[in-house]
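Just so it is clear: chains get the letters A, B, ... in the order the sequence lines come, proteins before strands, and each one is counted from 1. Just so you know, these numbers use all the heavy atoms, side chains as well, and skip hydrogens, waters and symmetry mates. A quick note: this is a predicted structure, and the numbers were derived from the prediction, not measured.
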Protein chains: 2
Amino acid sequence: MSQALQQNGHIKMVRHPYMLSKAQELIPDLWHHDILPHAIVSAQPDSQQIHGWRANVVNTRDEFFQHDLAQGEHVIIDFGQHCVGYLEFACEAVGSPPDAPAHLQFIFGETLPEVVEPFSEYNGWLSSSWLQQQDCYLDELPNRTRLPRRYCCRYLRINVVALSRKFQLRFTSLKLDTVTSASLANLPAYNSADHPLTRIDDVAVKTLKNCMQVVFEDGPKRDRRLWLGDLRLQALVNDVTVKNYALVKRCLYLFAAMTREDGMVSANIFVKPQVIADDTFLFDYALFFVDVLQEYVAATHDNATLADLWPVAWRQIELAMERVAENGIVRDSNDWWSFIDWHEDLNKQAASQGVLIYCLNKALELVRTYDSSKVTWLEAQIATLKSAALRELWDQKSGFFVSGSARQISCASQVWMVLADIGTPESQRQLLAKLQSHPPEIQMNTPYMMHHYVAALLQVNEREQATQEIKRYWGAMVEHGADTFWELFDPQRPDFSPYGSKLINSYCHAWSCTPSWFIRKYQL
Amino acid sequence: MSQALQQNGHIKMVRHPYMLSKAQELIPDLWHHDILPHAIVSAQPDSQQIHGWRANVVNTRDEFFQHDLAQGEHVIIDFGQHCVGYLEFACEAVGSPPDAPAHLQFIFGETLPEVVEPFSEYNGWLSSSWLQQQDCYLDELPNRTRLPRRYCCRYLRINVVALSRKFQLRFTSLKLDTVTSASLANLPAYNSADHPLTRIDDVAVKTLKNCMQVVFEDGPKRDRRLWLGDLRLQALVNDVTVKNYALVKRCLYLFAAMTREDGMVSANIFVKPQVIADDTFLFDYALFFVDVLQEYVAATHDNATLADLWPVAWRQIELAMERVAENGIVRDSNDWWSFIDWHEDLNKQAASQGVLIYCLNKALELVRTYDSSKVTWLEAQIATLKSAALRELWDQKSGFFVSGSARQISCASQVWMVLADIGTPESQRQLLAKLQSHPPEIQMNTPYMMHHYVAALLQVNEREQATQEIKRYWGAMVEHGADTFWELFDPQRPDFSPYGSKLINSYCHAWSCTPSWFIRKYQL
């Protein structure tokens, strides 16, 4: 997910040096792997392709390294897969000694449109600084260059903007030095007889891998940052794949390292040039600290970390409970207080109630063994919140939970009521079935929300439907050529972007990697 | 001067390792000096200004360092003087933690038009890669950056292309780390009562200084390269100012380090990433190797260097003499065989005849003490060439020397006949006077050609007219605001560029720095 428009420069933040030092001890080494060009392609407009362009192979890698480029020429390199890393290249002048700098422009695209639709026409509301490009002026040839920034691409366009009349340019080497903190060496094999699921698992694992850097990033193109909501889902997939628990632990400590004065954890963390918590705070994301910690401890039995971080987790519960009104429902507001989904019209109240109950349930699992003095209180709160939800939010007439003063009916509200375990298994199953038979106007926009829908289906043991949804949604991305899963995907609106331009969407996004968790955890 | 369109990739070049090693031993250390912003200016169109723009101060340096820049803003920094060096800056985010890279564009201009007239509209025939710009994407803030390329500017425009809605940008420091191999610490004082001449000398010395790097460069913006024709004039000014004879020696060895198979020296040399002689060969420039060597030995009495380089110098004479036809005149041709001046219509034959005789005279001075066996031969050749010039090129009717089959009359031909010492001092004086009273159509286009005109005037002892010409021509550049002298200046055509755009002209150019030599050598 991307940045909120919360601006809270006035809020006092508190650093916690012990937490920070624990986090910094765990900075991972990165694995490096060279990726060479797969082919040289041309881009043809093609309305049959989801993003409007088709790549045609026009040259091999070997032909590229023998080709002399003249001023005004360009090439599009297809690396054959989504990559995260550093571009290294060597080039030389062909002809007379180079009597002017060589001006090259590099444009990196996770998708083909990014390297063929001019960035100058971009008018989304996220900063255009995310569009990946670099102009290089090579004063000396032959030249060997490693661009200092990390890029994220499947396609690389090189525009030979200017040479001189006396020489041409030839690339003698070019590669991506790709990086990740995920080691696939120990990846547990997953071989289903179901080929589409196997392929979806491949793509999901690749998505996780490319997001795993010195933190779990949301997206390696954008925002390249640790968000709590993404971390939560990545940690699940990590648990059934590469099992880098040290990185999960590091990220938990990072959220604990700088909190709001009242102890609320930020929605996201910057780690360079120093660790800074963003001034964005989200009701749901803060609560998920409890969930991530619970899952981490369940997998590792790392009680030392639990001891360090439990007070932070508990504080998120206390703060969330302060938002519960007299009627037992979390107070709604019109600002960007809870995430839930990227949806302009979605009312977040009911779903946030669900998140709160869900996280209290996770806390309950922790305190049963760790701090039994809190069991009774938690059980009481959960009961109160559940009954309030049924009393205040259930709409008998429509057969759906409603949200906000306008009593909005959305998918998200129903899904989170199920995940909060409100009602009986049978009523939950019926509610989810009704989402299919009577789809509300407010649908789900992101793989993030789709994850919760599939999780709900599996919670009520609808394995077959869950599998179908995975194939229908994530499988469609694969059929559209994705080799990592996208931040945003609406089969009906392939150009959908909450940011105003598909060019700035992330096409390798943490929150989309969860099919591997479903497939492996539930043996689909 | 700039590149020729000679393309001689087929020519075999020979490396001379001894010469190269001598050159490399003499790589100079550079002097560093920090230059801070002088003021922040705005640019206003102003037809009264030679380049069409006027700078108005709008902020002080201190105000700049306290100003928060928003996306879309720009600033123009005036460093108050022409600088050659490396940009270093530090900046920080103001507001929320920076949630997107900062995209900055830096545009460097020796003149104001370079930072206000869009480079995208450039359509000159020299490579646009010379236009000085750099886009930077700062992933981390606060940030401290040193741009790796060397730039040449008085003005620096910073465009804040993209930030995010959550932060602004503030520069906390910014400077140019300027470099030169000229030490002004030991600059002999020159204080004339003639204030305009003193100012012209200041600007000329600055011009030399900014062109003195690890070689004598023609221009630090473009071509940043060692040209023999520029070296010759720089070495003269060096002799009366900063006296870095080691650098002159280094440059002579560089020309000797890689020659054409037949021994001809190239017109210019590249030194990075390795020493390579260009495949451009010019009749006049090759001969000037003799002149530079003679002047160097006269100043230093460095006979060891003379012993090393004399065979190279002598070879240039032999090769030039091969171009002398039966009638004693150098053969003309339509290609770019001799430089003389940047003038599309100029016929080079007569002037080249003059250059040949001039350089034979310089050789004669050398051989009198060094290789007396050649005196007789040289004297005979000079006599033959001079009489041939008078016989074949003098046009009694017009009272001018003519050049080429079309018998063209140009300033350049007359000037070089005088510098070749053809005729009597009185006839030479009359010829130069006639250039004033009856100006030929083919005038002088560059400070380079103007230098030779003033040198000719001083040769015939017209000190007052020489001084007037210096004030009229170079003084006008100073009045137009030059703080280094320009590659090209025609008071009648301020936009004149042989390259199709004033933006690509060099505004600190080696061949324009010679007023200091005249002023100091002749005590004007």
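- A cation-pi geometry, defined here as NZ or CZ lying under 6.0 Å from the six-membered ring centre and within 45° of its normal, does not hold between A:Arg144 and A:Phe89.
- The candidate with the highest count of non-hydrogen atom pairs below 4.5 Å against chain A, out of B:Leu141, B:Val161, B:Asp139, is B:Asp139.
- Here B:Glu88 pairs with B:Arg146 in a salt bridge; the nearest charged N to carboxylate O distance falls below 4.0 Å.
- A heavy-atom distance below 4.5 Å is found between the side chains of B:Asp279 and A:Lys166.
- Ranked by heavy-atom pairs under 4.5 Å with chain A, the list B:Leu138, B:Asn143, B:Leu163 is led by B:Leu163.
- Residue contact with chain B, scored on non-hydrogen atoms closer than 4.5 Å, is absent for A:Gln274.
- The side chain to side chain contact (heavy atoms under 4.5 Å, CB included) test with B:Trp227 is passed by exactly one of B:Asp218, B:Ile269, B:Val215: B:Asp218.
- The ring of B:Trp511 has its center closer than 6.0 angstrom to the ring center of B:Phe339.
- For the set B:Ala277, B:Ala162, B:Pro142, the count of heavy-atom pairs under 4.5 angstrom toward chain A peaks at B:Ala162.
- In this structure, B:Tyr86 has its ring center no closer than 6.0 Å to that of B:Tyr151.
- For A:Phe270, the part lying under 4.5 angstrom from a heavy atom of chain B is the side chain only.
- Between chain B and the residues A:Ala102, A:Pro148, A:Pro101, the largest count of heavy-atom pairs under 4.5 Å involves A:Pro101.
- Ranked by heavy-atom pairs under 4.5 Å with chain A, the first of B:Arg149, B:Gln71, B:Lys272 is B:Arg149.
- Proximity to chain B (any heavy atom under 4.5 Å) is shown, for A:Arg150, by neither the backbone nor the side chain.
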